[in-house]
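The next block holds one structure in the form of structure tokens; read it before the comments.
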Amino acid sequence: MMNRTAFIKFRGNNSFLLHSLSSFQSGTHKASLHSNVSFLIHKITNLNDALELFDEMSHRQPLPSVVHFTQLLNAVTKMKHFSSSLDLFKQMCSLGVPVNEYSMSIAIKCCCQLYRSKDGFAVLGCCFRRAIAPDVYIFNALLDGLVLEDRILEAEMLFKKLIKQKLCEPDVVMYSTMIKGLCKFGNNVTALALLRLMEQTNCKSNIVTYNTIIDSLCKDKMIDDAFKLFKEMVFREGILPDVITYNTLICGLCKLGRWDEASKLLKEMEDENISPNVHTFNVLVDAFCKEGKVEEAEVVISIMIERGKALDLVTYNSLIDGYCLRGEMIKAREIFDSITLRGLIPDVVTYNSLLNGYCKNRNIEEAMQMFHEMIVKGWALCSCAQTL
DNA sequence: ATAGGGTTAG
């Protein structure tokens, strides 16, 4: 086993290592090689560091354990670099690291999040061939993948099959994922029925289950049903609402123009010691902008700034929409230009908003210029561009 | 022994 000093020497003048050196010296970590690997993995904050560490790990003799590789894979997956994570998984396999259900579940999750649930099921086949028993994490990843691809019938079939054939015991995540799928398909009735079915099992629903259905009801403008479910969750189930619950309900109220109730709820959440976050403020900004009430939106923004909340692209995109709606294209353009100055990168939604604004306000020259910029960025076929 | 999942805004 290598001690700490030897390990540091071994790593040479690598920037990532130097960066974590100070924490090493102040920490009380054991100097064993393996605790060092775990320690380094938990400090990963970007893809490059992760790839660098993987490369270094793969050259060790003996190889670090599957646990360490899986920890690293998990870090990459959490950063949403699904393709890279899959690449690393493949490299891991060719290095001869004995993969297990943990690493398999990450690989399957990555396939599914890349809209490649077909490949996810192929990896499931590998599990069976290698006598790795798929667990509930693996099946949840596959179920989520089918929902993501709008393959709701197959999702339902998989869900039913798992239960009928007792392939795994469905847990709250599996129920919630199936409920999300039903909601996505506009089937609130069946989603609620599934919530009721859960009550007859020993699998208890939680805040995510409720948030999912409450959100779906809000999106369908069934705000009163949403509140009924909200009250059931709090008073019958004793589940405390979180910031997502409040954001969802406030969004539902705002979209119906029920401002008084929205502001009451905003106060209620603060009374409950749940602070509004950027999401909350963005909901308000967007709702105001969609009604052309840009002044009110600007007031919300000044409160955000007061509270140290950084405006993000969603905030700016809403503002652009608001100014476009009022035909104030110079102001809209100013917001657009300020995005880059603040270190953010305008996305396809930003461009669409401004393009749309120019079209509706009959500024064809500016619109064409936007459109050409979008072509350069490869966004030419986006919906609003067709309004040209 | 160790490692993994689901919910909100433009």
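Worth knowing before you read on, the calculation uses all heavy atoms, side chains too, and leaves out hydrogens, waters and symmetry mates.
Among A/Lys109, A/Arg151, A/Lys180, the one residue that satisfies the salt bridge (Lys or Arg N to Asp or Glu O under 4.0 Å) test with A/Asp144 is A/Lys180. Here the options are A/Tyr358, A/Tyr351, A/Tyr316, the test is ring pair (Phe, Tyr, Trp, His ring centres under 6.0 Å), and the partner is A/Phe336; only A/Tyr351 passes.
One finds a side-chain N or O of A/Lys109 lying less than 4.0 angstrom from the OP1 or OP2 phosphate oxygen of B/dG6. Between A/Lys180 and B/dG6 there is no side-chain N or O to OP1 or OP2 distance below 4.0 Å.
Rounded to a whole Å, the CE atom of A/Met174 is 15 Å from the P atom of B/dT7. For the pair A/Leu73 CG and B/dT2 P, the interatomic distance rounds to 20 Å; values are reported in whole Å. The nearest whole Å value for the distance from the NZ atom in A/Lys80 to the P atom in B/dG6 is 7 Å. The interatomic distance linking A/Gln71 (CD) with B/dA1 (P) rounds to 16 Å, in whole Å. Protein atom CG of A/Leu72 is 13 Å distant from nucleotide atom P of B/dG4, rounded to whole Å. Rounded to a whole Å, the NE2 atom of A/His42 is 6 Å from the P atom of B/dA3. Between A/Met198 atom CE and B/dT7 atom C1' the separation is 13 Å, expressed in whole Å. Look at CG on A/Asn277: it is 13 Å from C1' on B/dT7, rounded to the nearest Å.
Looking at the side chain of A/His279, the nearest of the listed nucleotides B/dT7, B/dG4, B/dA9 is B/dA9. In this structure, of B/dA3, B/dG6, B/dA9, it is B/dA3 that holds the atom nearest to the side chain of A/Asn74. When each of B/dA9, B/dA3, B/dT8 is scored by its nearest atom to the side-chain atoms of A/Ile244, the top-ranked nucleotide is B/dT8. Nearest to the side chain of A/Lys219, among B/dT8, B/dG4, B/dG6, sits B/dT8. Side chain of A/Asp242, nearest nucleotide from B/dA9, B/dT7, B/dG6: B/dT7.
Between A/Glu268 and A/Lys264 no salt bridge is recorded (no basic side-chain N to carboxylate O distance below 4.0 Å). Note on A/Lys293 versus A/Glu296: no salt bridge recorded, every NZ/NE/NH1/NH2 to OD/OE distance being 4.0 Å or above. A salt bridge links A/Glu232 and A/Arg196; the closest N-O separation between the charged side-chain nitrogens and carboxylate oxygens is under 4.0 Å. Taking a cutoff of 4.0 Å between a charged side-chain nitrogen and a carboxylate oxygen, A/Glu237 and A/Lys204 qualify as a salt bridge.
Within 4.0 Å of A/Val172, counting heavy atoms only, lies at least one base atom of the nucleic acid. Using a 4.0 Å heavy-atom cutoff across all strands shown, A/Leu313 reaches at least one base atom of the nucleic acid. Using a 4.0 Å heavy-atom distance criterion, A/Lys78 is classed as a sugar-phosphate-only contact. At a threshold of 4.0 angstrom between heavy atoms, the contacts of A/Thr77 with the nucleic acid are absent.
A donor-acceptor contact under 3.5 Å links the side chain of A/Ser176 to the base of B/dG6.
In this structure, A/Tyr102 counts as stacked on the base of B/dA3 under the 5.5 Å centre distance and 30° plane angle limits.
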